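These notes concern the structure reproduced below.
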Amino acid sequence: MNLARKIIKKHLVSGSMEVGSEVALKIDQTLTQDATGTMAYLQFEAMNVPKVKTELSVSYVDHNTLQSGFENADDHKFLQTIANKHGIVFSPAGNGICHQVHLERFGVPGKTLIGSDSHTPTGGGIGMLAFGAGGLDVACAMAGQPFYITMPKIVKVNLTGKLRDWVSAKDIILELLRILSVKGGRGKIFEFAGEGVKTLSVPERATITNMGTELGATTTIFPSDEITKDFLKRQNREKDWVEMVADSDATYDDELTINLSELEPLIAMPHSPDNVKKVKDLKGTKVDQVCIGSCTNSSYADMMLCAETLKDKKINKNTSLTISPGSRQVFSMLASSGKLFNIINAGARILECACGPCIGMGQAPKTKAVSLRTFNRNFEGRSGTKDAQVYLCSPEVALAAALTGEITDPTTLFGAKPKISLPDSFYINDDHFQKPSNEGEIVRGPNIKPLPKFEPMPDSISADVVLKVGDNISTDHILPAGAKILPLRSNLPAISEYTFGAVDKDFVARAKSVKNGVIVGAENYGQGSSREHAALAPRYLGIKVVITKTFARIHLANLINFGIIPLTFADVNDYELIKLADKIEFKNIKNIIKENKDLVITVNGKNIKLNYSFTERQKEILFAGGLLNWIKEGIK
Ligand code: MIC
Ligand code: SF4
């Protein structure tokens, strides 16, 4: 058996491990972050479960740390007090980015983890089976419910050889994105194996599992081996280590090989993580901004590489460099080593340990800027500047650009790469995690609005097409983030006003002008962030149905969770037959879905067959008008 199947088998609550069928998994740990956490905890509260039923649940504050008004600070207080009340460990702002901190201090090989953040698979770097999910699914897991996924294919990624100097883990995942694209991982778990695995440290593995999300993968995992043991030992957590490896005769649904020795520095061009080119082919492109950090590349080793490479050097005068250490642990060690000096002295701007520019919380680049970032997403406008050209690359490539002011291949710029080894013992100070006392009042500021109530599904729906979009629409397109909008995550009426704002500024008015709305999408609709607001806000605006060619996993689950019916074209060419403002009658849709009958709509005189595939559980959720109604009605 392969490793992923072993962990699934151990956590299987119901279902059979047949590719394509639904499996329910017991969840050992959960994590939330502040931008999705407020909604998740409001939903948890509505379930009336006094104390979380997981082995460990941690609530991190790392996204909304720019406090330009009362909203974010209000949310932080709410999160702190609700965590204390319900048995959740609270990690306040300043402790670091959830995925980095969880890997350092809490993750355990072989355990299951779900998080209300799409990059939760970072935990796969130490052999966890970790999934990104909507906040409501995380709330359910905290309440002791299993987590439902469609049994994925398990793909072996066989790593051979060894990375050359200045080529890094980021280039491995960029290479996978180049080969497979942002939709190539859908319905798959990527499991890494082969000799090359032994050449990668845990933080390097975590860079890869983190960005497995950009492949659209269900999750991504490395074995838990001697290297994992060594990492946990240095974190003073050797007791958490267990060996988790595939059997020597394990079988997989598919396999591909990457020879690490042949890789060279890569870079993802605007505006998609799979738009990957060789760095040397873009040589000489002027760079205005470089940002190093994010949950992908902010580990101790990444920061020490910055410190060593920038020593006694000065960044280019036309390039701004920001550096955000991933955690308080990393930042403390950088400071105590004295090497932070090299970074400051080279002209870099040090940001707090948080998501920061990755989610548009500050550092929006100048008009039409070229910005090189060691992050994981470069969707248009995500940086806060619509016409900025954001590229994704390794810290090595980022440093070369910061020093020269242009895209430069680090393998030709620098001499031998400084040897960065992990410290014998990481600096441990767990005093900044707040353990729950299970009492006290929950403090709610005026930014926290109550959850909306949604109606059950009617028998028939008469609706208008209020939006038609193309391939790879991300949840950043559906509901943008950034410093202005993120503080409204706990205020659905206010945040809904920004729905599809960057795609079509008339969307909200149009949606409000009709009773029931339909959105038509194409391939991989809803890729990217796990934010359930991208389903909640459309539902709040009256969207009842989304028809696409294909959906991304987390968004599909979120649509069902909030009672929006996700349908796909039986014949993808029929996408062309529907246009904006068309009226669509979904006659007897409830009964059709209930009895698994054919669903055919008539648009502009043409019949269009639509597919759907719901389990009995999902049908009940849709009929109830969403998961929360379903739970409250006690239907199950
Ligand atoms: C992201 O990287 O897009 C985010 C912000 O971390 C999101 C979560 C959110 O929208 O709050 C994610 O990855 O799920
Ligand atoms: Fe934060 Fe960026 Fe990571 Fe999302 S991808 S968790 S915004 S650092």
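Read the numbers this way: they start at 1 and go in the same order the structure lists the ligands and their atoms. None of these values were measured; they are calculated from a predicted model.
Side chain to side chain, N84 and T81 fail the donor-acceptor criterion of an N or O pair below 3.5 Å. Judged purely by distance below 3.5 Å, without hydrogens or angles, the side chains of H99 and D62 never pair a donor atom with an acceptor atom. Neither side chain, T385 nor S383, offers a donor N or O lying under 3.5 Å from an acceptor on the other. Under the 3.5 Å distance criterion, with hydrogens and angles disregarded, a donor-acceptor pair is assigned to the side chains of T112 and D28.
Neither the backbone nor the side chain of N210 comes within contact range of ligand 2; no heavy atom lies under 4.0 Å. Using a 4.0 Å cut-off between heavy atoms, H63 contacts ligand 2 through its side chain alone, with no backbone atom that close.
At least one N, O or S atom of C295, from either the backbone or the side chain, sits less than 2.8 Å from atom 3 (Fe) of ligand 2. Taking 2.8 Å as the criterion, H119 does not count as a coordinating residue of atom 2 (Fe) of ligand 2, since none of its N, O or S atoms falls below it.
Checked against a 6.0 Å centroid threshold, the rings of F147 and F131 count as neighbours. Aromatic ring centroids of F426 and F231 lie under 6.0 Å apart.
Heavy-atom proximity to C358, at under 4.0 Å, picks out these atoms of ligand 2: 2 (Fe), 5 (S), 7 (S), 8 (S). Numbered from 1 in the order shown, with element, the atoms of ligand 1 that lie under 4.0 Å from a heavy atom of A35 read 11 (O). The ligand atoms of ligand 2 that sit less than 4.0 angstrom from a heavy atom of N376 are 5 (S). Contact atoms of ligand 2 toward D117: 6 (S) (distance under 4.0 Å to a heavy atom of the residue). For ligand 1 and S530, the ligand atoms under 4.0 Å from any heavy atom of the residue are 12 (C), 14 (O). With ligand atoms numbered from 1 in the order given, ligand 2 contributes 7 (S) to contacts under 4.0 Å with heavy atoms of I359.
Counting only non-hydrogen atoms, the option in R489, H63, M39 that gets closest to atom 9 (C) of ligand 1 is R489.
For ligand 1, the polar-atom distance check against T36 finds no nitrogen or oxygen pair separated by under 3.5 Å. Between D476 and ligand 1, no pair of N/O atoms sits closer than 3.5 Å. Where the criterion is an N or O separation shorter than 3.5 Å, residue side chain and backbone included, D117 meets it with respect to ligand 1.
Summary of contacts: the protein heavy atom closest to atom 2 (O) of ligand 1 is R382 NH2, 2.9 Å. Closest to atom 8 (C) of ligand 1, if we only count protein heavy atoms, is Q33 NE2, 3.1 Å. Nearest non-hydrogen protein atom to atom 1 (Fe) of ligand 2 is C355 SG, 2.3 Å.
In summary, of the residues considered (R105, H432, Q235), a side chain to side chain donor-acceptor pair (under 3.5 Å) with Q329 occurs for Q235 alone.
Taking the six-membered ring where the residue is Trp, F106 and F433 present perpendicular rings, their angle passing 60° and hence far from 30°.
Taking 4.0 Å as the cut-off between side-chain N and carboxylate O, R377 and D476 do not count as a salt-bridged pair.
Between Y391 and V287, the closest side-chain pair of non-hydrogen atoms is not below 4.5 Å.
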